[in-house]
**Q** 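Once you've had a glance at the structure underneath, I'll fire off some questions.
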Amino acid sequence: MTPESEEFGPVFIQEPDDGIFSLDSDDKKVIMNCEARGNPVPTYSWLINGTVVDTEADFRYSLIAGNLIIHNASEAIDYGRYQCRAENSIGTVLSRDALLQFAYLGAFSGRARGAVSVREGQGVVLMCAPPPHSPEIIYSWVFNELPSFVAEDSRRFISQETGNLYISKVQPSDVGSYVCQVKNTVTNARVLSPPTPLALKTDGVMGEYEPKIEAHFPQTVLAAKGVTVRLECFALGNPVPTITWRKMSGNIPKKARLRKSQAVLEIPNIQLEDSGSYECKAENTRGGTAFRGHLQVYTLPQWISMINDTQLDSGEQLHWECRATGKPRPTYRWLRNGEPLNSQSRVEMMNGELIIHRLQQADSGMYQCIAENKYGAIYSSAELKILASAPVFSTNPFRLIATVGKDVSLECRPRASPKPRISWRKNDRRVHASRRIMLLRNNTLRIINSSRSDEGSYVCRAENQFGSAELTTVLLVKEPMRVELSPIRVEVTVGESVVLSCKVTHDPSLDVSFLWLLNNQPLNTQQEGGHFEYIQTSSTADLMIRSILLKHAGKYGCRAQTSADSVRRGEREKFCGEHLGVYHLTVSRLEWGSGPTGYVQPLTVDRNPEPVTGNMESAMAVELNPWVEYEFRVVATNGIGTGDPSASSRAVRTKEAGICHCVTFKHYLPGNGSRAHNNLFFFRPQPVSEEFQNGEGFGYIVAFRANGTRGWKEKMVTSADSTTYKYRDETFPPLTPFEVRVGVYNNKGDGPFSEVVTVFSAEGEPREPPSEVQAFAISSSEIKVMWKPPNPGPGRPQGYEVSSWKDMEQEEMGKKKRTKGNETTMLLTGLDGNTQYLISVKGFNSVGQGPATSPIKISTKKNAPSLPPGNLMWIQEGNNVSLSWDPVKARDNESEVIGYKVLLRQEGRGHSQVMRTPNSAVVLTLPEGGTYIIEVRAVSEGGEGAASAQVRVLTSSGKRSLCGF
């Protein structure tokens, strides 16, 4: 069957997508797209909310190719989830769901809205009460008349969740008429609400009051991965509250942005790590309040592995697996030809796996794996084809010629499904297996050491329930060829000629062909300038070499070949003048062609050349390392000099031997690597290179015994690459002394042991907590912690870990910080101001952690003053500068000011001089010549406050007095 005519099931090219259709559209026609390829060409049908759309009976629906056309679309009838179904004779597949929505925007109620009266300084919420709409709308408010829109700032806020207008503190300028305008994001249609008058009461002005959060994000916010999330938070209050944000576990993502005077926290491209609890806090001088909610990020299912088209024989087992990621974790279901597939006696479905046992022809069709969570579903489709065909051989009967004494393989490879039963017969008699005749797993008939009696007609028969077929092979067994060469070794002089003879004895019914080789490469007589000539008969092929040159020296071979076998003989050698002959290597004995004096040089290790003299053609290399691969070269020398080295021989490995090399190792004392108190010790051997392993099966022997005992315990470490060995025994107390020695072994036996060393078992993790833990608040962000170490004993700490967490949090959400050594003090930094913390301390070493102390409570100091010193005034008289400023008044939630820090630095230099003063004035004496920059900061127990505006002073003797603000 050609690829063009091969049948296959439907495969989607285009699936329907979610869509929003505007009801205001002049053309009331919706098109849902669907296209699939397949052979035969697929037909299409559609489902809405799982019910088949009857395009024949309902004139509002029509199909063009696979596309569904909806005429006079209506939200009441046509809103829902659509699926395209593509079908041909192979099977049926369903597309993904596509949600069809309708965009519209209704009108506000025409009922008049009552006036809202508040006192000056009071907060107010004006309700929008939007009309019915789909999908989202955008809210804005008109003040008095178009195009005067309400501008949002720290005092006024429009929620895009509720549409309401929030004014935290009403002023006389706010009096007027307010209209809510909504805009549909799809149709761009706009509608206006009836006006809402806002008036001031005349019975007085509202005093200051603490914030009250009126607009906030939901208690739980669900967001799809990758979208932009906007969290709203706005409060009424007098003075106007300030909004701040924080993430309860960790930091707010760096990509986040604050919008609308910090009333909106916007997080673009939301990711799973952005999940967590978020808090907005509203504060003014009268107090503060907070709202906390949880942001939960979900992800749609995404494929990790999908199913693929599969062809199997009847009776075999199908095993498909599909895997997807998603949050929540996806569940799986299966369809066959568009219908749900249920578990049966032959069908198993579990966690994305589908197994069908004993496949039948009825199991053929289109299968789909669906991975879904409550936010979406994805489809993976594949075709299962159950093969069913009678056996067919692709080759015709043929003749096979073999050589006496050689093994023969008769192949039998039919195409069939299911797999056929195979039987062999020779000359109409069944072939049975014996020591010489084997039926291999691939149905090949193998004859060992063939003889003339094996000749005959062999028939392979393949049979299954759909039919049978046979393949005949005629086997002929011939006597092997014999090649005779003369002369075997030839020595000639440059310019002479020689004939190399190659004679073959062979079966006369077979034709023979010859090929001469030089140095294992086919000899091309046409490219050798007429130096070579073949003289050939039916059974001989002589090679004539005329006017020999130095380059013609080498190893010559004659290859004779028939249809039954190929014989390569000769490898004839000849040498001319000073040329060195060819050699080969067997084990450690080196052989080469005759020639002048030479020497042998091993290449693998650094050894001096071993000289040999006269016409020696071999040498014995001695004192080599056992079980090491060596390569050799031969260099010729005579009275004139030394020639170039030969090419390297093939690598040869010496025999194995026992080990005489002692291993060295590092042992480790308690606390330096053991991971539990029952780890007695462990060692790290110095690696033994392969050159000294002396054979296969190399490993280590660890022998040890408790001090004062006789017998040694031995443990085998079978890997030469092992870097450590640990021994555990819970019956020994900590710090028990042991004698340890390490040996080596290979397949030839054990080697020597190392010297005995004494090691101690591990002492374990710390057993007691530190004592007398104290904590002191240094500033609004710093706490100093002090403690005393536990009593001396086993499990000595190598350091300490200090845990700190807020009073309202779990300990797991807190921070942990470790000392660099056995220090007993630590400064905790980066803490929140005016916040109560719980603190505990525990010791640790490399074995583990000890128990923690009971937590103690300590509060950080209030935050430093947020306001900078203002109204700086300065008077300069020569190099003296009198500087004064307005005192800084701390807010209720800030530390009281206890003084001021004046920083003075020369322009262009980084170093500052610092002067402290309890007053709001100071006199500075400046050096002559230069420009100086002065700034002032308030100082409190909570730290330093914000810096004032900078003052620039130019000093120069003889100038008049200056003053400035």
Side-chain angles (χ1 to χ4, degrees), residues 587-588 602 604-607 621-631 651-765 794-795 798 845-848:
V587 193
S588 295
T604 306
V605 294
D606 186 13
R607 294 175 58 87
V622 296
E623 298 183 4
L624 304 180
N625 289 335
W627 203 61
V628 173
E629 283 192 345
Y630 288 91
E631 295 176 351
V652 62
R653 184 182 288 274
T654 53
K655 293 183 178 180
E656 293 180 303
I659 306 176
C660 59
H661 179 77
C662 289
V663 68
T664 59
F665 69 97
K666 295 181 180 178
H667 60 279
Y668 293 84
L669 297 179
N672 291 334
S674 296
R675 299 304 304 162
H677 67 273
N678 59 341
N679 280 348
L680 294 182
F681 55 80
F682 76 96
F683 83 96
R684 178 171 284 117
Q686 297 294 330
V688 176
S689 66
E690 185 176 327
E691 182 181 347
F692 297 106
Q693 293 177 11
N694 288 13
E696 291 189 290
F698 179 85
Y700 300 96
I701 305 172
V702 184
F704 50 90
R705 64 186 179 189
N707 275 13
T709 59
R710 284 183 172 274
W712 291 88
K713 286 187 177 181
E714 291 188 351
K715 299 292 182 181
M716 310 292 282
V717 181
T718 58
S719 173
D721 299 326
S722 294
T723 58
T724 59
Y725 172 76
K726 296 181 181 179
Y727 174 66
R728 296 185 178 186
D729 192 330
E730 297 185 1
T731 62
F732 288 95
L735 301 178
T736 299
F738 275 78
E739 292 180 316
V740 180
R741 62 182 184 178
V742 180
V744 289
Y745 70 92
N746 64 15
N747 289 344
K748 289 295 184 179
D750 297 348
F753 277 92
S754 66
E755 294 183 358
V756 175
V757 298
T758 300
V759 301
F760 294 85
S761 61
E763 58 179 321
E765 67 274 0
Q798 294 175 340
N845 57 22
S846 60
V847 179

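In what follows, every heavy atom counts, from backbone to side chain, and hydrogens, waters and symmetry copies are set aside.
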**Q** For E714, check side-chain contact (heavy atoms from CB on, under 4.5 Å) against everything at least two apart and list the hits.
**A** I701, A703, F753

**Q** What residues form a side-chain hydrogen bond (donor to acceptor under 3.5 Å, both in side chains) with K715, not counting sequence neighbours?
**A** none

**Q** Over all heavy atoms of both residues, which pair between W712 and E739 is shortest? Give the atoms and the distance, please.
**A** CZ3-O, 3.6 Å

**Q** Taking all heavy atoms of G695 and all of N746, pick out the closest pair and write down the distance.
**A** N-ND2, 3.6 Å

**Q** Mind running side chain to side chain contact (heavy atoms under 4.5 Å, CB included) on E656 and N747 for me, showing each step along the way?
**A** CA-CA 8 Å; E656 293 180 303; N747 289 344; 4.2 Å; yes

**Q** Where do F738 and N707 come nearest, in terms of heavy atoms and distance?
**A** C-OD1, 3.7 Å

**Q** Taking ring-ring contact (aromatic ring centres under 6.0 Å, His included) as the definition, give me every residue that meets it alongside F698, ordered by chain and number, with sequence neighbours left out.
**A** Y700

